[in-house]
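Here is the structure we will look at.
When a ligand or atom number is given, it counts from 1 through the structure's own listing order.
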Amino acid sequence: MSATPPLGNAGALGGEAWAPESHLGRHFLQIPGPTNVPESVLRALARPTLDHRGPEFQALARRIFARLGAVFGTEGPVVIYPASGTGAWEAALVNTLSPGDRVLMVETGWFARLWREMAERLGLEPVVIPTDWRHGADPAAIEAKLREDRDRRIKAVAVVHNETSTGCKSDIEAIRRAIDAADHPALLLVDTISSLGSMEYRHDAWRVDVTVAGSQKGLMLPPGLSFNAISAKALAAAETARLPRSFWDWRPMLRANREGFFPFTPATNLLYGLDAALDLLLGTGLEAVFARHARHAEATRHAVRAWGLELQCLEPRHYSSSLTAVRVPEGASADGLRALILQRFNMSLGNGLGPLADRVFRIGHLGAFGDLELIGTLGGIEMGLAASGIPYRAGGVQAALDFLALPPGWS
Ligand SMILES: *Cc1c(COP(=O)(O)O)cnc(C)c1O
């Protein structure tokens, strides 16, 4: 117990010694991103860096571009930035919009709020539909706002598919229908940073115009890559959009990508990793990957209910498959529980964000994650609850085991 505390955790632990990996077994990284990186991806990342203007890189890039669209459900282009997801948020806005454009945004939680604040800083005019941070976006509210917008000043609708701060998803297909029902020409921009590769998503079939994604969640890579999948309508909008853009400009990127190259140095080793992650996702089959996530999420909710704790997401049809946000009882500290679990069991859980700070903890059950990791995760939480003094009932792990023992087709 003598290792130097990592700076990020020192405060949360109240200065107590941090438990090194060698002492307490493998670290359980059960935050809702970054997620655990599988062995084959780690090995791919460790390959020697290559010439990004040479033929070997070109073959790698072409292999990725030929397969990446399947994960987004698109036949159209997907651009890859060496940036966290926040960069791809900015790319979606600056490539399609002009100063003063109105953007209809639903504040489903912390990430939706951050995207809205970015839109304001860029000189856009967000029109915000608030929520209680316990539901997904309401398509009827979107339709009503679009119907009110008779002079068509709203140029885009921007929503977060899976709100990572609350564990609530939004029904993108229903939002598409709402835009169509209002007969409104706004673009549809969707953040799938914590759902892509974990939950069903169809860029083309749902006629999304820009899909924003990141590498470090369902795609099982370290942080550092982000993505825009782009519709033909969004590409056309990029020709007339007037927000300043340079690094994020799709056009030089798409020109270079057509030849299997990038307009600047790409994150070559992360692309090796992406190639290996696509092998895993497409080799397993996306339907099977989504079913596994849904099953683990349901098992987690069984555990939470057995503990007598409350889910942050109130609406079953909005439940996320990639994470579960759990409320602690009044007077209890979610951050205290997380610090205790990190120290004793070497597991990281997600913190509450913004107004949910210390009120919820978040269980990431996405990416490279099997039944045994799930049971280990829930076991660590149940042991942590027992040690914390937080009122709870025993039996959450057993409830999850009972659920996992059900035959396939449980839902
Ligand atoms: C993680 C996340 C982000 C932020 O992405 P960064 O990679 O941290 O920039 C944005 N939106 C959602 C829904 C997320 O889960």
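- Using a cutoff of 4.0 Å between basic side-chain nitrogens and carboxylate oxygens, Asp132 and Arg134 are not scored as salt-bridged.
- By the neighbour-count criterion of 12 heavy atoms within 6.0 Å, atom CD of Glu39 is sparsely surrounded, having that number or fewer from other residues, nucleotides or ligands.
- Residue Arg202 qualifies as open at atom CZ: its count of foreign heavy atoms under 6.0 Å is 12 or below.
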Enumerate, one pair per line, all nitrogen or oxygen atoms of ligand 1 lying under 3.5 Å from a protein nitrogen or oxygen, stating the separation to 0.1 Å; write 'none' if no such pair exists.
unit_1: ligand 1; atom_1: 7 (O); unit_2: Gly85; atom_2: N; d: 2.8
unit_1: ligand 1; atom_1: 7 (O); unit_2: Gln216; atom_2: NE2; d: 2.7
unit_1: ligand 1; atom_1: 9 (O); unit_2: Ser84; atom_2: OG; d: 2.5
unit_1: ligand 1; atom_1: 9 (O); unit_2: Gly85; atom_2: N; d: 3.2
unit_1: ligand 1; atom_1: 9 (O); unit_2: Thr86; atom_2: N; d: 2.8
unit_1: ligand 1; atom_1: 9 (O); unit_2: Thr86; atom_2: OG1; d: 2.5
unit_1: ligand 1; atom_1: 11 (N); unit_2: Asp191; atom_2: OD2; d: 2.7
unit_1: ligand 1; atom_1: 15 (O); unit_2: Thr164; atom_2: OG1; d: 2.4
unit_1: ligand 1; atom_1: 15 (O); unit_2: Lys217; atom_2: NZ; d: 2.6

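- Among the candidates His184, Arg176, Arg177, the single residue satisfying the side chain to side chain donor-acceptor pair (under 3.5 Å) test with Asp180 is Arg176.
- For the pair Arg113 and Phe111, the cation-pi test (distance below 6.0 Å, angle within 45°) is failed.
- Between Arg317 and Asp171 there is no salt bridge, since no side-chain N of the basic residue sits under 4.0 Å from a carboxylate O of the acidic one.
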